[in-house]
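Here the structure is laid out as structure tokens; the discussion comes afterwards.
Values in this document were obtained by computation on a predicted structure and should not be read as measured data. So you know, we letter chains A, B, ... as the sequences are listed, proteins then strands, and number each from 1.
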Amino acid sequence: MLYSEKVMDHFNNPRNVGVLDDADGIGEVGNPVCGDVMKISIKVADDKIDDIRFQTLGCGAAIATSSIVTEMARGMSLEQAVAITKKQVAEELGGLPPAKMHCSVLATDGLKKAVDDYLVTHGRDPIAVGTIAHDDPEFDPHAEEHDDACEVTEE
Amino acid sequence: MEARDAYLDYAATTPVDERVLEAMLPYYTQVWGNPNSLYRRGREAYTALEAARERVVGAIGATHPNEVIFTAGGTEADNAALIGITTRARPDGGHLVVSAFEHHAVLEPAQFLEKSGYAVTYLAPRPAGYIDPEDLRNALRDDTVLVSVMHGNNEIGTLQPIRELAEVAHERGALFHTDAAQTLGKVPFNVADLGVDAASFSGHKIYGPKGVGALYLKRGTPFAPMVRGGGQEFKKRSGTQNVAGIVGFATALDLVLAELPEEAARLASLRERIVSGVTSTIENTIESASYPERLPNIAHMIIKGVEGEAMLLQLDAKGVAVSTGSACSSGSLEPSHVLLSIGCPPELAHGSVRVSVGRFTTAEDVEYFLEVFPPIVERLRMMSPLYAKMYGSATT
Ligand SMILES: Cc1ncc(COP(=O)(O)O)c(C=O)c1O
Ligand code: FES
């Protein structure tokens, strides 16, 4: 199993690590029993992601995908941010090993939760609810991945 | 701080010792005959093969040359022992006992036998990291054919009370196999002292080549060959022998045994230094298994609140090679079955690190590791959303 250079770069020099003290929305997903937990905090201005930080307990891919998601999401509208897919995350990183595709779900789900948290605490309707994989009690992040997203790593 | 190359994963594999390589080389280009041919070239290769066998036979305390069967490594020896012995002793099914923390080279054949109709007990170790002979006694049945318990665990490094376990198995009429891939050359190993019927060995753990190993099979032990063909290795393992590799294995074994007493003491002190260095400088770290009987070269620790693969990769960036029982690093996505079997909760198993030393490890390598490791742990803990919540501050 090999990580791309870009994965290793984001793992070794993760961007936007931390927690925003005055966060407008916070999303936390994962479970220490599975070995991965991720927390994203966002500042929102004009319905755009103005600032963003993450904390992640997890493997190299979990940390790298968290890091890249914060870069991708910064400046995006809330709608755009919740539409980021694990496949886009993997592509942005130059591919992920198939066994590591699920790690990027942690990052996209964390972001979705943070956006919904912001909306709900501001009395608005959540927009990501229903698309958050970690909300499904049956969701097994470590179940084998067989969708086409894996193909991005086969280069 | 200068980057180093500190290889601290000798339990995974070892480099081939130059002296071993030198002993092997003639058997590729000069003495290259088929040891099963009758003419001079064949006889030369045969002589080398049988001399190597004699050395292994003597080294492990076997009594007869045909008790040592060369294989393509420890995995094959384990497979052959489990499947070969059970299917010959009781082809129509029976009972097999393996410890729950065996290497996959034993567990997978056990599961295969289970699917083929054998009853299999996966015997749980005690939390300290050993199989208790009384627990084995309670697991045995009248139809138990074979018990397989490893001599030294490859992850947590604990040694098993093989002599007592073999005795308990024999009292109930069962045969006993031990996987000695991790112990051969590191602690005294003698098949007669231990009273085992079968044992597996691997060349690349003792500075010999990869892909070579041996199976000890006590004379008279029932055995159906897995690899069938030209009838080499006393009809127990067909295929033209890997003469150079076998010579390498025997040479490597001679060398580790000659150096064993001093080397074991040296490795044990490096190991102690690693465990005390890590547990005293990094808070919330513990040694994984407390059983005092252990391999001199394996340190295994739980670093609470960090994930093993991330640790491994950061150490790699500093030139340090170690391994981890974290799910994330294995590709299997389950944390180490060994740690789970001794009652380690999964969230802690993800943060395990195995540091194993060997012939070319220096005190400087160990000090370098102890220097670079704490800041890595601190950094990962600070990145974790849970650490401060669960353990207070992340600083070490
Ligand atoms: C305990 C144990 N058994 C078996 C093996 C497999 O040996 P090999 O790699 O020679 O197939 C190993 C090492 O990989 C081991 O540590
Ligand atoms: S976080 Fe477990 S494999 Fe990535």
Quiz prompt | Other residues, nucleotides, ligands: >12 heavy atoms within 6.0 Å of A:Lys48 NZ | solution = no
Practice problem: Look only at the side chain of B:Ser341 and the backbone of B:Ala100, and say whether a donor-acceptor pair between them is shorter than 3.5 Å. | Solution: no
Quiz item: For chain B, which of A:Gly18, A:Gly30, A:Gly60 has the most heavy-atom pairs under 4.5 Å?
Solution: A:Gly60
Practice problem: Counting only heavy atoms closer than 4.5 Å, note whether B:Leu313 contacts chain A via side chain, backbone, both or neither. | Solution: both
Self-check item: B:Phe360 atom CZ: more than 12 heavy-atom contacts under 6.0 Å
Solution: yes
Quiz prompt | Flag, side chain of B:Ser116 to backbone of B:Phe112, donor-acceptor distance under 3.5 Å | solution = yes
Exercise. Could you tell me whether the side chain of B:Arg354 and the main chain of B:Leu8 form a donor-acceptor pair under 3.5 Å?
Key: no
Quiz prompt | Donor-acceptor contact present, side-chain B:Ser356 to main-chain B:Ala11, <3.5 Å | solution = yes
Quiz item: chain B contacts: which residues in residues 37-47 of chain A have a non-hydrogen atom closer than 4.5 Å to it?
Solution: A:Val37, A:Met38, A:Lys39
Self-check item: Exam field: side chain A:Gln80 to backbone A:Ser77, donor-acceptor pair closer than 3.5 Å
Solution: yes
Quiz item: Which bit of A:Ala61 is near chain B, if near means a heavy-atom gap under 4.5 Å: side chain, backbone, both or neither?
Solution: backbone
